[in-house]
Amino acid sequence: MEQFRQQLAARLAPYMEKPAEEVRSMMETPPNPAWGDVAIPCFTLAKVKRQAPAKIAAALAGEIDLLGLADKVEAVGGYLNITFDSSLVAREIISGLTREGVDYGNAKIGQDKKVVIDFSSPNIAKPFGIGHLRTTVIGHSLSRIYAELGYDVVRVNHIGDWGTQFGKLIVAYTLYGEGDSLVQDGVEKLFRLYVKFHQEAEANFALEVEAREWFRRLEGGDPVARRYWELFKEVSLEEFKRVYQVLGIEFDYILGESFYEPYLAPTIQEIADKGLAVLSDGALIVDLESFGMPPCLLKKSDGATLYATRDLAAALYRDRLYHPELLLYVVGQEQTLVFRQLAAVLKLMGEPAGDKVEHVSFGLFKFPEGRMSTRRGNIIFLEDVLQRSIEMAAAIIEAKNPELQDKAEIARQVGVGAIVFGDLRHGRIKDVTFDWDEILNFDGETGPYLQYTHARASAVLRKAEGSTGGELSDFALTDEYALPLIKLLGEFAPTVAKAAAFFEPSVVARYVLDLAQEFNRFYHNCRIIGSDEKVEGTRLAIVLATKTILARGLYLLGLAAVERM
RNA sequence: GCGCCUGUAGCUCAGGGGAUAGAGCAACUGCCUUCUAAGCAGUGGGCCGCAGGUUCGAUUCCUGCCAGGCGCGCCA
């Protein structure tokens, strides 16, 4: 559709005495599709021309010649409303999609550019809770959205495998857990130890001190500390891999914070050499008062590093290795200040990375009663949620389609799809209240609805045994159900670009919902197989184009496009 | 106290200077002898948190206030 808007702008430009680009930027989409495809409000023109807006619109409507592009040009209440030639638009979009598939209209604006996306990044020794769902699915989706635009995407899982928490865990393990089989109980056991530590530490501050001491020893290379650390790490990574496998997510690099350990000293040195580091109460800080922010802590007074130090080292590492256009961090909004500080320090250092850091923040997952807390053991395990969702999908399949082949796999894809889409359909920034009924809903604006729609389209194509070639029928292309669907298909590429620009997978999610809705309307009202030969061929081409775009949209969100369900 | 974010239908959310503010869920109703009813269609439901300001025009931008969430030096 964008190409038609561009063409229209060029044709309109001479009449409006403005460059085509400006005309394009004036265009709006009317609230009611019946009014047209494009509206140009003439209110701002009124001032310059010193005429009533309605008069200007009427004059333009009378004089402009849009032969071969528009069906209808009318002036309504100060707006110039234009409806494109239906047949022209529909033919172009359907034949374009038939010819080029998902690449139709994709300008590949990311060609020869890179973007590094840091997402998921769970902490070792903590279970993979529902709270980690958001960063994981948003990051995964963004990585695919950017790749779709031609970007070379580097997906990094920045595992939290360093820090005082390990001291805590070592203390808890030596005190309460020695001899237990970690290999058997895995993260559950570590989680219980972590919770127990915090319970005990409330009454006994000495435990905190001991924990910090253990972390200091770990940083110092103490072999005993190191051995425990390796053990915890191994146990946790096993669990993470299981979750990623169920979700179908892969990374280019799974690098723990510990990976940057060798870069910490040089990074601090660099900052110090630039005269940015100062001692304050024994701690090494970068003053950020010039940015109106609290200082950034590089080193604790005991000499141990903090995660900000590791983030700095990691940002420099990534920027110098990949020279990306953007360094994305898909991290909860509670860390907004941290990333503003990170960018500020990099800017003070004169590093290009300072302008590339983009904090893709998102709202908190919480209970109706309040926030979740790993420390208090008050969380929901993502694996439990996925499991229940998959069971639910399996039960529905059993009830509706017991003959289905590969039931277990499809139940997995649909169950996971419900959870993933349930998260992505909302704007990132909103907090989410955890609710079993809502997260396990399969009706309405849900993942299963999209997958079901895709399966419907697939079923039609299967039954038709693919006779989509042939001449297109204007009648079938421009009826009241086909035309809006086709126009929407033409918006796919710009929608993906918009999602990337705002770092918002929900833009794609909403588009795909609209598309599914429009397709279901079409499906319900237009008989496809068994209509007149030319009409059938045309409608099949529409179904195929829809299936192609729907499948791609689902892919960009990280959902499986199932053939049957 | 300071900073960031959020207030739109009973609930979950879209929209983001412009025309009549839209979906889904829940409630009620209709549609399976025809391509998958996880669907389609209809009904009811709104001081767009409040008050000012900018503008030809504000739910949208600005300011203040109210409510909620999250942060604010040795946790991540």
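All values reported here derive from a predicted model rather than from experimental measurement. Here is how names work: the chains are called A, B, and so on, in the same order as the sequence lines, proteins then strands, and each is numbered from 1.
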Atom-pair distance ([atom1] on [X]; [atom2] on [N]), nearest Å:
{"X": "A:Tyr449", "N": "B:rA37", "atom1": "OH", "atom2": "C1'", "value": "12 Å"}
{"X": "A:Met565", "N": "B:rA38", "atom1": "CE", "atom2": "P", "value": "8 Å"}
{"X": "A:Gln451", "N": "B:rU36", "atom1": "CD", "atom2": "P", "value": "17 Å"}

- Item | Span that lies between the P atom of B:rG73 and that of B:rG3, in whole angstrom |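 Approximately 16 Å lies between the P atom of B:rG3 and that of B:rG73.
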
TODO: Quote, to the nearest angstrom, the C1' distance that separates B:rU29 from B:rA67.
DONE: 39 Å

A:Tyr173 vs A:Phe232 aromatic rings, parallel, tilted or perpendicular, using cut-offs 30° and 60°?
perpendicular

Original post:
How are the rings of A:His198 and A:Tyr194 set relative to one another: parallel (under 30°), tilted (30 to 60°) or perpendicular (over 60°)?
Top reply: perpendicular

Applying a 4.0 Å non-hydrogen cut-off, can you work out what A:Ala393 is touching in the nucleic acid: base, sugar-phosphate, or nothing?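 Answer is nothing: A:Ala393 stays at 4.0 Å or more from every strand.
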
If you look at every strand shown and take non-hydrogen atoms under 4.0 Å, does A:Glu28 touch a base, only sugar-phosphate, or nothing? base

*Is A:Arg425 near enough to B:rC13 that one of its side-chain N or O atoms lies under 4.0 angstrom from OP1 or OP2?*
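Checking A:Arg425 against B:rC13: no side-chain N or O falls below 4.0 Å of OP1 or OP2.
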
- Message: Just N and O in the side chain of A:Asn520: are any of them under 4.0 Å from OP1 or OP2 of B:rC40?
- Response: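 The answer is yes; a side-chain N or O of A:Asn520 sits under 4.0 Å from OP1 or OP2.
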
In terms of heavy-atom contacts, A:Leu264 and A:Ala313 come closest through CD2-CB, 3.9 Å

